[in-house]
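Following: one structure in structure tokens, then a few remarks.
Start at 1 and go down the list; that is how both ligands and their atoms are numbered.
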Amino acid sequence: MTTIKLYNTRTRKKEEFVPLDPDNVRMYVCGPTVYDRAHLGNARPVVVFDVLYRLLRQVYGSDHVTYVRNFTDVDDKINARAAETDRQIGDITAETTQWFLDDMGKLGALEPDHMPRATQYIDQMIEMIETLIEKGHAYAAEGHVLFAVDSWKEGYGKLSGRSVDDMIAGARVEVAPYKKNPMDFVLWKPSTADLPGWDSPWGRGRPGWHIECSAMAYELLGESFDIHGGGNDLMFPHHENEIAQSRCAHPEGHFANVWLHNEMLQVEGKKMSKSLGNFFTVHDLLEQGVPGEVIRFVFLSTHYRKPMDWTAEKAVSAEAKLFGFVELIAMYGDLEIARSLAPERAIIDALADDLNTHAALECLSKMNDADSANRLARNIEFLGLYSWSQLERKVSAYRDAKTILRSLEKKLSTLREVALSTKDFSEVDAMKSALQIANVSVRMNKSGISLSPEMGFDPAKLEPLL
Ligand code: AMP
Ligand code: ZN
């Protein structure tokens, strides 16, 4: 059995991963707030944890991994968007949720086993809040319910390595008259008639943000589970608060064993975020013609615990690599055989070493001769760069193109023979430039003419030349 090592934020060490139950390895990842298109930064955790999900499925079996990623569909940003646009909240969240799934699907991300929506778990949140009040970890005040951080001083701040006092000094905490300690955070808050709200023991209201993940993780994964993931911007306060809620409501469990945090996608050294306005969406990039697999390749080329910049040069070089892979597979591969292979040991080992995706891509690049074509295809699929059906389409498009190019080679060589005797090369030149526009490389020498598709090759542009 492969030994997986992961860097655990909780212990600040790279540790051997030992699942609580190898028959059901459980992972929770914080998902998006659905009020707008996902920006490219939001896609980073999706791709990172998709790679981990694929690795876990490979090592423990695809029926033995449960991956949960939520949709936050109750949030003040959503309410604000509805007010600005005069639209129904439910329409905005349904539309944005589907956009998210479509965009992430294009990046090769498998859908998690469960994708709970916060609004479907309000009862469980209320129940958890009641438990916290009963156990003396929360209090109701002025229609709000707050978590009392002083009630769990021994645990609060452990993940991010800060004491409650440091946090008060460092964080922009909202001071409110109903808070006993400025660090106390909201579990429940009152809703006015124009805002979404649910009946509760504390009046009509809505949940604070953090409680949803605790309630949904408990419901779907239990009081203890293996891995909790998200971007490192969530470590404090979101993850710290999740831990406090879950550990205090369910002291019999320990919540997540391993905490994994991806570093941020940056723009000129600053986190890409909606609030800074320095973002572009995944959808924008796809619309501009950057294929999803190129975005995924660029992401995988940087380790998840390092900050990364998106650059156009990286995208061009990723596209060239992927084109080279498809070319090799189309020329020498057989996808039937490829499908029957197991993923490469070296690639599994690279991923098992705290998700060294960069090393995994290096392994792919080394599979560069005719004999490696099937292994290459197998591992491209394993890393989620192309699904089997995408590979089939790519490979057959390449092969069809080669067939067309073979007849164009004949046509061009006839034209050249004629031109050699008439000394009029205009038709040869016209055809050569049409081929180049379709991204076909043209090699001509004494022994003959050879045409091959190049990156960005467009078969539709060849039809008129036939
Ligand atoms: P949000 O909708 O802002 O709560 O973010 C959803 C997910 O995207 C969380 O896991 C965040 O940590 C992650 N995220 C947000 N911005 C970035 C970024 N610039 N780079 C990487 N991950 C990010
Ligand atoms: Zn969360």
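Here the protein heavy atom with the shortest distance to atom 16 (N) of ligand 1 is H39 CE1, 3.5 Å. In this structure, the protein non-hydrogen atom closest to atom 20 (N) of ligand 1 is L265 N, 2.7 Å. Taking atom 4 (O) of ligand 1 as the reference point, the nearest protein heavy-atom neighbour is T33 OG1, 4.2 Å. Here the heavy atom of the protein found nearest to atom 18 (C) of ligand 1 is M264 SD, 3.4 Å. Here the protein heavy atom with the shortest distance to atom 9 (C) of ligand 1 is L234 CD1, 3.6 Å. Protein heavy atom at the shortest distance from atom 22 (N) of ligand 1 is G41 O, 3.0 Å.
If you look at N42 next to ligand 1, the close heavy atoms, those under 4.0 Å, come from the backbone and the side chain alike. Only side-chain heavy atoms of D233 come within less than 4.0 Å of ligand 1; its backbone N, CA, C and O stay farther off. With a 4.0 Å heavy-atom cut-off, ligand 1 is reached by no atom of T72.
No more than 12 heavy-atom neighbours from other residues, nucleotides or ligands sit within 6.0 angstrom of CD on E127. Counting heavy-atom neighbours within 6.0 Å of H254 NE2, excluding the residue itself, gives a total above 12. Atom NZ of K321 has 12 or fewer heavy atoms from other residues, nucleotides or ligands within 6.0 Å. The number of heavy atoms from other shown groups lying within 6.0 Å of CD (E268) does not exceed 12.
Ranked by closest heavy atom to atom 19 (N) of ligand 1, the top entry among M308, K274, M272, E263 is M272.
Looking only at atom types and distance, the side chain of T72 has a donor-acceptor partner in the side chain of E212 under 3.5 Å away. Looking only at atom types and distance, the side chain of D75 has no donor-acceptor partner in the side chain of T33 under 3.5 Å away. Side chain to side chain, N181 and D150 meet the donor-acceptor criterion of an N or O pair below 3.5 Å.
The Zn ion (ligand 2) has an N, O or S atom of E242 closer than 2.8 Å. Residue C30 counts as close to the Zn ion (ligand 2), with an N, O or S atom under 2.8 Å. The Zn ion (ligand 2) has no N, O or S atom of H210 closer than 2.8 Å.
Panel note: side chain E240, backbone L159; a donor-acceptor pair is recorded below 3.5 Å.
Taking a 4.0 Å cut-off on heavy atoms, S273 fails to register as neighbouring ligand 1.
Sorted by first then second residue, the ring pair (Phe, Tyr, Trp, His ring centres under 6.0 Å) pairs that include residues 207-229, not counting sequence neighbours, are Y28-H228, F185-H210, W209-H238, H210-H238, Y218-H250, F225-F255, H228-H239, H228-F255, H228-W259.
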